[in-house]
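Proteins get letters first, then strands, A, B, ... in listed order; numbering begins at 1 in each.
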There are 2 protein chains.
Amino acid sequence: MSVGIRHDDLRRRNRAMVISAVRRASQPSRTEIAATTGLSHSTISTISSDLIAEGILAEAKSNEPVSMKRGRPQVALTLEPRAASVVAVVLSLNSLSAAIIDYAGNTVVEETTRLVTEHMSGEALTDECVAMIRRLTESDDAAGGTVLRIAMAVQGITDAASRKLLWSPITRHDDIPFADRLEQEFGVPVTVENDCNMIAEALRWRDPSRYRDDFIAILLSHGIGMGLVIKGELFTGTQSSGAEFGHMIHRPDGALCRCGRRGCIEAYAGNYAIWRNARLGDENAEPLADLSDDDIRSLADAARDHDGPEREAFRKAGEAIGFGLGSMFALFDPAPLAFVGVGATAFDLMEPHVRAAIAKTAGGLHSKAISFDTEPNEVPLKREGAMMRALLHVDQEIFAAGSAPRRADADVA
Amino acid sequence: MSVGIRHDDLRRRNRAMVISAVRRASQPSRTEIAATTGLSHSTISTISSDLIAEGILAEAKSNEPVSMKRGRPQVALTLEPRAASVVAVVLSLNSLSAAIIDYAGNTVVEETTRLVTEHMSGEALTDECVAMIRRLTESDDAAGGTVLRIAMAVQGITDAASRKLLWSPITRHDDIPFADRLEQEFGVPVTVENDCNMIAEALRWRDPSRYRDDFIAILLSHGIGMGLVIKGELFTGTQSSGAEFGHMIHRPDGALCRCGRRGCIEAYAGNYAIWRNARLGDENAEPLADLSDDDIRSLADAARDHDGPEREAFRKAGEAIGFGLGSMFALFDPAPLAFVGVGATAFDLMEPHVRAAIAKTAGGLHSKAISFDTEPNEVPLKREGAMMRALLHVDQEIFAAGSAPRRADADVA
DNA sequence: CAGTATTTTTTCGAGGCTCGAAAAAAAGAG
DNA sequence: CTCTTTTTTTCGAGCCTCGAAAAAATACTG
């Protein structure tokens with residue numbers, strides 16, 4: 001049962017609200033914050049002056065947009081960049097990247113490397129992460145606030161506690177405890193989360209008007225991933241990161257999936273599946289290990305150019321996605337969709353079939369009204385999502401709790 | 001954005017916690033409540049004496065279980081039955097029932113009627129509900145607390161705000177605004193919710209050790225319904241009651257479903273589908289309108305007796321359910337299951353096929369560990385669920401807020 | 001049977017938090 | 001230079017929860 005509310009929780013929650021209001025709005029004044037939170041002006045005044053004294057917020061002195069209004073001008077509040085920093089790590093098939101980000105969300109340093117993840121053990125992968133983070137934190141550019149949190153976005157299934165990678169297509173090894181090792185190395189809390197969930201988180205911040213309480217991000221790539229936001233919350237499994245759209249069953253005992261099972265949506269709509277259908281015409285052929293983005297683009301060009309197996313392969317992919325979405329919509333009603341990744345460049349070939357399939361399902365009543373959007377480049381989204389996760393945690397768990405000031409140089413102000 | 005916490009919210013929430021602790025535990029003492037809520041003894045003491053003064057709680061004087069312990073004996077707190085009452089209405093195919101329930105959860109009066117819902121308009125159905133509730137509230141037995149809330153459990157899809165029945169198999173009419181009409185008639189808040197969601201709510205109270213944070217109730221009846229609890233919350237759609245397991249797609253463009261579409265799980269596992277497969281062997285035959293429970297039982301007997309079309313029909317049903325569950329488990333991991341309704345009496349015929357299908361899906365790793373339970377009689381569950389919904393609302397929204405005492409005779413104590 | 005030990009419940013003052021009202025601050029308008 | 005308007009801060013009042021101590025109610029002990 002959830003625990004009672006103590007008196008000091010109250011302050012903590014209201015501090016959290018103020019911080020979150022500042023992060024969300026561009027540069028709100030105290031008055032605006034009072035309006036959005038519903039708290040009184042006096043409370044907001046007290047809390048924000050505390051936060052400024054602690055070096056978490058700052059008054060934006062710089063630009064004068066010349067209010068042109070009578071009365072005392074509003075003072076815009078901002079996040080103090082030096083209040084803290086976080087590290088966002090993105091680990092994907094054959095690629096690792098990391099960045100240090102300041103408290104205001106600006107990237108301070110970053111690095112990206114190619115590595116052959118398929119042939120690496122869990123330990124080797126962790127070592128690479130440790131080494132890269134260490135290079136970044138020790139680089140000269142990494143001045144500013146102390147690192148208070150590290151967030152990883154990885155391809156694959158993570159556990160519900162965000163501590164380890166349970167299974168991933170990028171390596172043959174299971175149960176890689178990234179969080180434990182990284183916490184040990186760097187002495188700050190670490191989370192490991194599924195990359196598609198991070199994509200969803202990022203979309204929320206990129207375009208809050210479109211992606212707010214309910215939406216679906218689908219990653220069309222070698223495999224098929226999904227990040228799901230329902231009722232304003234990231235939807236995860238009870239034990240794992242969940243939302244494995246790609247492994248919902250499209251056709252019982254159907255095409256051979258990379259996961260070894262049969263009939264998964266991914267076995268029709270993953271890059272390898274589209275290539276297999278177009279080039280081999282054999283649903284049971286062993287999935288290819290890797291496939292370049294160009295391979296997919298040329299399949300798409302061929303499909304656009306003339307009728308043939310390529311076009312049919314994209315049709316099957318669209319159909320699988322559409323029926324899968326229809327099944328999901330039976331559970332929680334239709335929601336706006338974002339298709340992310342290379343596959344999004346070929347989405348024009350799939351869209352009519354996606355819609356046609358949805359129309360045959362319970363969600364079909366509104367099939368035409370469902371909004372589709374595409375974003376070919378998933379890499380920045382993954383990083384932004386991991387960054388936001390880390391920053392929000394600092395906001396809510398560390399700074400909202402108060403106590404000591406965190407800024408490296410709190411006495412400057 | 002969610003609103004800040006004011007000072008009086010604090011009291012309201014903590015009052016809510018105390019009430020909920022009393023409703024949950026059998027007869028907790030103040031000390032136990034302090035332990036479960038984490039609040040201090042003094043706070044619990046203040047709040048509970050307030051609640052007693054307001055006639056919401058009472059000290060259980062009666063039975064002495066002879067604590068056999070040294071020290072001042074604990075005083076058990078109970079819900080004061082006369083603090084309020086609620087009405088629970090259950091509307092199903094050709095059947096309407098309602099009951100008045102006191103604040104402690106005891107049924108005061110009840111009534112059940114058969115009616116031919118299929119041929120009734122929305123207005124006629126509402127009229128029947130109004131008439132039955134009026135009979136109950138005006139009956140002599142209905143002494144006790146004032147009715148503070150009415151909760152309906154209906155077969156079909158309701159809207160997310162729990163105000164109307166959007167679509168139902170029990171009538172050909174759509175969009176029936178039960179809540180508006182009943183509120184107008186009786187002057188108390190009314191909710192209309194999907195019956196399977198109420199079944200899930202009821203299971204939580206019947207067996208909290210088994211069904212708590214994550215579980216699935218599946219109603220095997222003429223159609224297939226589901227009530228889903230994830231992370232301690234009833235899972236509903238964003239616009240509708242959602243969780244329409246029966247209309248997830250099992251086989252694209254497959255068997256003809258009662259809903260007019262093709263390949264839904266229900267079109268393989270609903271009573272009509274099992275009967276159709278067993279007796280007609282034609283998946284495209286128009287679904288029968290009604291089918292008695294005995295029809296299903298005799299199909300099950302035949303299937304147990306010898307191999308043949310009956311056994312095959314149950315196999316197909318089990319397979320459809322299993323693949324459907326597998327797809328769901330890809331989204332949120334496996335959870336304990338309760339199979340409710342007539343179909344549960346034939347579940348022995350389906351279980352191996354359900355498990356075999358799950359084993360072929362992403363949830364399959366733990367397929368043997370997933371617990372199945374059956375409960376043939378869904379009717380009391382629906383009523384209990386509606387009752388609990390109504391009572392919890394009174395707890396949380398009305399009594400937690402405080403202000404005036406609600407008891408009919410608050411000065412008796 | 002009286003006194004002691006033990007456990008539960010209540011009482012009471014202290015400390016925090018938010019709120020409303022009023023004051024102070026900071027501009028533009030005339 | 002004064003008035004008006006709007007934002008922000010200050011200050012006392014009113015709640016709420018907490019810890020400690022007191023009160024209450026029972027079993028144990030000799």
How many Å lie between NZ on B:K69 and C1' on C:dA5, as a whole number? 15 Å

Measure CG/B:D9 against P/D:dC15 and give the value in whole Å, please. 15 Å

Among C:dT9, D:dT8, D:dT17, which nucleotide has an atom closest to any side-chain atom of B:N14? D:dT17

Just wondering, do B:L77 and B:S48 contact through their side chains at under 4.5 Å, heavy atoms? yes

Rounded to whole angstrom units, what separation is found between the CD1 atom of A:I44 and the P atom of D:dT10? 15 Å

So what does A:T31 touch, heavy atoms closer than 4.0 Å: a base, only the sugar-phosphate, or nothing? sugar-phosphate

Counting only side-chain N and O atoms of A:R11, is one of them less than 4.0 Å from OP1 or OP2 of C:dG16? no

Between B:D8 and B:R11, is there a salt bridge with N-O shorter than 4.0 Å? no

Round to a whole Å and report the spacing from CZ of B:R15 to C1' of D:dC15. 14 Å

What's the closest nucleotide to the side chain of A:S40 if the choices are C:dC19, D:dA25, D:dT8? C:dC19

DNA chain C: 5'-proximal contact among A:H41 and B:T46 (nearest heavy atom): B:T46

Between D:dT17 (C1') and B:R12 (CZ): distance, integer Å: 17 Å

Should B:R30 be listed as having a side-chain N or O under 4.0 Å from OP1 or OP2 of C:dT10? yes

Integer-rounded Å distance: D:dT17 C1' and B:D50 CG: 13 Å

Any B:S49 side-chain nitrogen or oxygen under 4.0 Å from OP1 or OP2 of C:dT10: no

Please compare A:E32 and B:T43 by the position of their nearest nucleotide in DNA chain D and report the one closer to 5'. A:E32

Testing D:dT7, C:dA26, D:dT17 for proximity to the side chain of B:L10, the answer is D:dT17

Counting side-chain heavy atoms from CB outward, which of C:dT6, C:dT9, D:dT8 is closest to A:R72? D:dT8

Could you state the CG-P distance from B:D8 to C:dG16, rounded to the nearest angstrom? 21 Å

So does B:R210 have more than 12 non-hydrogen atoms from other groups sitting under 6.0 Å from CZ? yes

B:R70, nearest nucleotide to its side chain (from D:dC28, D:dC16, D:dC18): D:dC28

Taking the side chain as every heavy atom from C-beta outward, state whether B:F235 and B:V229 have any pair of such atoms under 4.5 Å apart. no

Can you measure B:E59 atom CD to D:dA25 atom P for me and round it to whole angstrom units? 11 Å

Proximity to the side chain of B:S42 - top-ranked nucleotide from C:dT8, D:dA20, D:dT8: D:dA20

Within the pair A:S29 and D:dT7, is there a side-chain N or O less than 4.0 Å away from OP1 or OP2? no

Short N-O contact, A:D180 and A:R163, less than 4.0 angstrom: yes

Check this for me: does any side-chain nitrogen of one of A:R23 and A:D395 sit under 4.0 Å from a carboxylate oxygen of the other? yes

